[in-house]
K.L.:
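Dropping a structure here in structure tokens format, bear with me for questions.
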Amino acid sequence: MTPPEAGATGASAKVADGLAAVSSCPEILRKRADFLKAARAKRQGAPAFMLQARKRAPEEAPGRVRIGYTCSKKVGNAVARNRAKRRLREIARAVLPHHGRPGWDYVLIGRKDATAKRPLPRMIEDLERALAQVHR
RNA sequence: GCGGACGGCUGGAUGGCCGCACCCUUCGGGGUGAGGAAAGUCCGGACUCCAUGAAGCGACGGUGCCGGGUAACGCCCGGGCGGGGCGACCCGACGGAAAGCGCCACAGAAAACAGACCGCCUUCGCCUCGUGCGAGGGUCAGGGUGAAACGGUGGGGUAAGAGCCCACCGCGGGCCUGGCAACAGGACCGGCACGGCAAGCCCCACCGGGAGCAAUGCCGAAUAGGGAUCCCGCGGGGCACGGACCCCAAGGCGGCUUCAGCCCAGGGAUCCGGGUUGGCAGCAAGACCCCGUCCGCAAGGGCGGGGCUAGAUGAAUGGUCAUCCACGGGGGCAACCCCGGGACAGAAUCCGGCUUACAGGCCGUCCGCGCAC
């Protein structure tokens, strides 16, 4: 019943390293107004998603990295939308603690089929590159 | 064994690591977390608000063989009738056409108080004396048309025919028997009247008020309609006038009527306070699930015991790795190896149904054919 130990412990050690580097836990965007503001700011395309990013004014919610997700009906039915949103959440969880800047709002927008099909490691690279573009 | 009918179940499994939402916590952690359809939003309810109450009528909408089940239903079960299939079984918009209106294309002589094209029979007249022509009468068996032609088949009968007469079948009527009923069976009477469509209007019976959890209630923040209370004030009469008081109207409150109840034109003051955004409640213990037992052919119901089973709101229920399980392709005699790869689909107030989508797999009952005994 018990699977091989060696591989599992190796993987867990690697991820524990990653966790130690987390600076601040990103906050989820929920208000429609925040999404509308982000949509008017900078945007950067990627094969499996679109990134929108905005540096907030100093008085609103200082210090935090904030992230939101959008999957419209263009992405597909409810199952496809939920799946796309979860994959976007997954890459944000991997990338944002290292590359997100405090005081910024980010919004990830899903694409039909591509968001569900592109391999996750490639999407992580895509997001790192897109963040670098937006911060420049 | 092959082909088929019906009913039910399942909807990848286990583990490691990293996450998300909610609940509990002794703050170490622990627990729970999508479906059979969560879907379509097509029916029926619960719940909430709105409409003054009761009865009747009307309008509109729905349902439509009978009995039962249910909170209720357009659902389910059992039965009847009609149709399909060798059969297991399946299908059915299945009340009324002697209340009325309307329609019945094309074809056909004729499509609804029947009618007479060809034909059949016959009377009279005429002549060219014929299987002739003309006029009249009797007919609907035969012809052809159609979805449908005013009962069908056989016999008698006749000038030829015809329910004209008879037998059987069909149809109608009341009666008897069985059944709670739909309905079925029987003998009797009637020579046949009543074509079809109600999925065109309609009639009959039964049911139904409207809107929906973005309902609705509460809390906090900025501005106008509305409501409550008080004051002034309003038709006629009782008093000669005015006021107070009393009585009586008129008018208003559902589509209409009756009864009951309530309100009174207009002006002023005070108080409460709408839509919107955010938060909280509604919001998960229920026509609930499981087991046993009794009643019932069944749907289902009674009793007893046990269980607590998602609660998000830009909306959690995931990502990844390993092994296994289906499945597809390739290689190999084979064990096996390699590659691909997981149906339909995601709760949003909650239940009972219906409908639609669905890879593959499993179980049970039954039918037909073939083989063996």
Side-chain angles (χ1 to χ4, degrees):
Chain A
M1 279 311 249
T2 323
E5 291 290 323
T9 42
S12 73
K14 204 194 260 173
V15 177
D17 265 6
L19 264 184
V22 167
S23 52
S24 64
C25 182
E27 191 179 318
I28 309 287
L29 286 182
R30 298 196 190 279
K31 299 285 185 290
R32 181 171 167 77
D34 292 327
F35 281 88
L36 292 176
K37 282 182 202 161
R40 283 193 296 270
K42 289 183 183 177
R43 57 179 60 196
Q44 178 65 42
F49 57 86
M50 164 89 79
L51 173 69
Q52 296 174 338
R54 179 177 75 101
K55 192 173 175 16
R56 290 193 299 278
E59 65 271 14
E60 46 178 330
R64 307 296 299 273
V65 175
R66 301 201 304 178
I67 176 78
Y69 312 92
T70 293
C71 289
S72 72
K73 287 209 171 173
K74 272 187 248 174
V75 174
N77 62 11
V79 175
R81 288 201 301 276
N82 282 344
R83 181 160 177 77
K85 208 178 286 183
R86 283 169 189 147
R87 286 175 69 88
L88 293 178
R89 254 203 297 275
E90 202 60 29
I91 61 170
R93 192 162 67 87
V95 172
L96 237 51
H98 306 283
H99 298 89
R101 290 192 179 174
W104 284 63
D105 281 355
Y106 304 100
V107 173
L108 287 170
I109 301 171
R111 292 190 193 278
K112 185 171 172 61
D113 299 330
T115 306
K117 292 225 173 75
R118 192 167 170 82
L120 221 72
R122 307 290 302 280
M123 286 177 70
I124 290 172
E125 290 166 19
D126 291 342
L127 180 56
E128 285 168 352
R129 204 172 304 124
L131 282 173
Q133 284 285 323
V134 154
H135 289 149
R136 209 148 42 102

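Every value quoted in this text rests on a predicted model; they were computed, and no experiment measured them. Within every chain, numbering begins at 1; the chains are lettered A, B, ... in the order of the sequence lines, protein sequences first and strands thereafter. Heavy atoms only: backbone and side chains are in, while hydrogens, waters and symmetry mates are out.
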K.L.:
In whole angstrom, give the distance that lies between atom CZ of A:R93 and atom C1' of B:A316.
P.N.:
14 Å

K.L.:
Is B:U309 syn or anti, taking syn as a glycosidic angle within 90° of 0?
P.N.:
syn

K.L.:
Rounding to a whole Å, what distance do you find between A:I28:CD1 and B:U313:P?
P.N.:
11 Å

K.L.:
Any chance you could measure A:M50, atom CE, to A:Q44, atom CD, to the nearest 0.5 Å?
P.N.:
9.0 Å

K.L.:
Tell me which nucleotide, if any, is Watson-Crick or G-U wobble paired with B:C175 when both distances must be under 3.5 Å.
P.N.:
B:G186

K.L.:
Write down the distance separating the C1' atoms in B:A112 and B:C150, rounded off to the nearest Å.
P.N.:
9 Å

K.L.:
Of A:C71 and A:N77, whose closest RNA chain B nucleotide lies nearer the 5' terminus?
P.N.:
A:C71

K.L.:
Residues in salt bridge (Lys or Arg N to Asp or Glu O under 4.0 Å) with A:R129, at least two apart?
P.N.:
A:D126

K.L.:
How would you label the glycosidic angle of B:G28: syn (within 90° of 0) or anti?
P.N.:
syn

K.L.:
For the pair A:R66 (side chain) and A:I28 (backbone), establish whether a donor and an acceptor sit closer than 3.5 Å, ignoring hydrogens and angles.
P.N.:
no

K.L.:
Could you state the atom-to-atom distance from CG of A:L88 to P of B:C20 in whole Å?
P.N.:
17 Å

K.L.:
Quick one: pull up CD1 in A:I67 and CG in A:L108 and give me the separation to the nearest 0.5 Å.
P.N.:
4.0 Å

K.L.:
Any strand counts, and the cut-off is 3.5 Å on both contacts for Watson-Crick or G-U wobble. Which nucleotide pairs with B:C57?
P.N.:
B:G255

K.L.:
Looking at B:G304, which nucleotide sits across from it as a Watson-Crick or G-U wobble partner, both distances under 3.5 angstrom, or is there none?
P.N.:
B:C291

K.L.:
Could you state the interatomic distance from CZ (A:R118) to CD1 (A:I124), rounded to the nearest 0.5 Å?
P.N.:
11.5 Å

K.L.:
Return the nucleotide paired to B:C75: Watson-Crick means purine N1 to pyrimidine N3 with N6-O4 or O6-N4, wobble means G-U with N1-O2 and O6-N3, both under 3.5 Å.
P.N.:
B:G69

K.L.:
Using the C1' atom as the point on both nucleotides, what is the distance between B:U293 and B:A312, in whole Å?
P.N.:
43 Å

K.L.:
Check A:E90 with A:R87, please: is the shortest side-chain N to carboxylate O separation under 4.0 Å?
P.N.:
no

K.L.:
I'd like the C1' distance from B:A98 over to B:G173, given in whole Å.
P.N.:
13 Å

K.L.:
Backbone N or O of A:A46 within a donor-acceptor pair of the A:R111 side chain at under 3.5 Å?
P.N.:
yes

K.L.:
Mark yes or no for whether A:R43, through its side chain, and A:L51, through its backbone, hold a donor-acceptor pair below 3.5 Å.
P.N.:
no

K.L.:
Once you round it to whole Å, what is the distance between C1' of B:A347 and CZ of A:R81?
P.N.:
14 Å

K.L.:
Mind checking who B:G87 pairs with, Watson-Crick or G-U wobble, both distances under 3.5 Å?
P.N.:
none

K.L.:
Nearest to the side chain of A:R89 - B:A316, B:A347, B:G319?
P.N.:
B:A316

K.L.:
Check the distance between B:C18's P and A:E90's CD and give it to me in whole angstrom.
P.N.:
13 Å

K.L.:
Suppose you measure atom P in B:G143 against the same atom in B:A149; what distance do you get, rounded to whole Å?
P.N.:
14 Å

K.L.:
Please report the distance separating the C1' of B:C234 from the corresponding atom of B:C248, rounded so that it comes out in whole Å.
P.N.:
16 Å

K.L.:
For B:G36, does the glycosidic angle fall within 90° of 0 (syn) or outside that (anti)?
P.N.:
syn

K.L.:
Return the minimal non-hydrogen interatomic distance between A:A53 and A:Y106, and the atom names on each side.
P.N.:
CB-CD2, 3.7 Å

K.L.:
Does the ring of A:Y69 meet both stacking tests against the six-membered base ring of B:G314: centre distance under 5.5 Å and plane angle under 30°?
P.N.:
no

K.L.:
Measuring from atom CZ of A:R83 to atom NZ of A:K117, what distance do you get when rounded to the nearest 0.5 angstrom?
P.N.:
10.0 Å

K.L.:
Considering only atom P, compute the distance from B:A284 to B:C6 and round it to an integer number of Å.
P.N.:
45 Å

K.L.:
Given B:A315, B:U320, B:G314, which nucleotide is nearest the side-chain atoms of A:R87?
P.N.:
B:U320

K.L.:
Rounded to whole angstrom units, what separation is found between the CG atom of A:L36 and the C1' atom of B:U277?
P.N.:
15 Å

K.L.:
For the P atoms, the ones on B:U229 and on B:C259, what distance do you get once it is rounded to whole angstrom?
P.N.:
29 Å

K.L.:
Quick one: A:K85 NZ to B:A312 P, roughly how many Å, whole number?
P.N.:
16 Å

K.L.:
Quick check on B:A316: syn or anti? Syn means the glycosidic torsion is within 90 degrees of zero.
P.N.:
anti

K.L.:
Sort out the partner of B:C202 for me: Watson-Crick or G-U wobble, both distances under 3.5 Å, none otherwise.
P.N.:
B:G96

K.L.:
Please state the P separation for the pair B:G40 and B:U48 - nearest whole angstrom.
P.N.:
28 Å

K.L.:
Searching all strands shown, indicate the nucleotide that pairs with B:A13 (Watson-Crick or G-U wobble; both distances under 3.5 Å).
P.N.:
B:U323

K.L.:
Searching all strands shown, indicate the nucleotide that pairs with B:A299 (Watson-Crick or G-U wobble; both distances under 3.5 Å).
P.N.:
none

K.L.:
Each nucleotide in nucleotides 34-40 of chain B should get exactly one letter: B, S or -. Can you fill that in based on protein heavy atoms under 4.0 Å?
P.N.:
B------

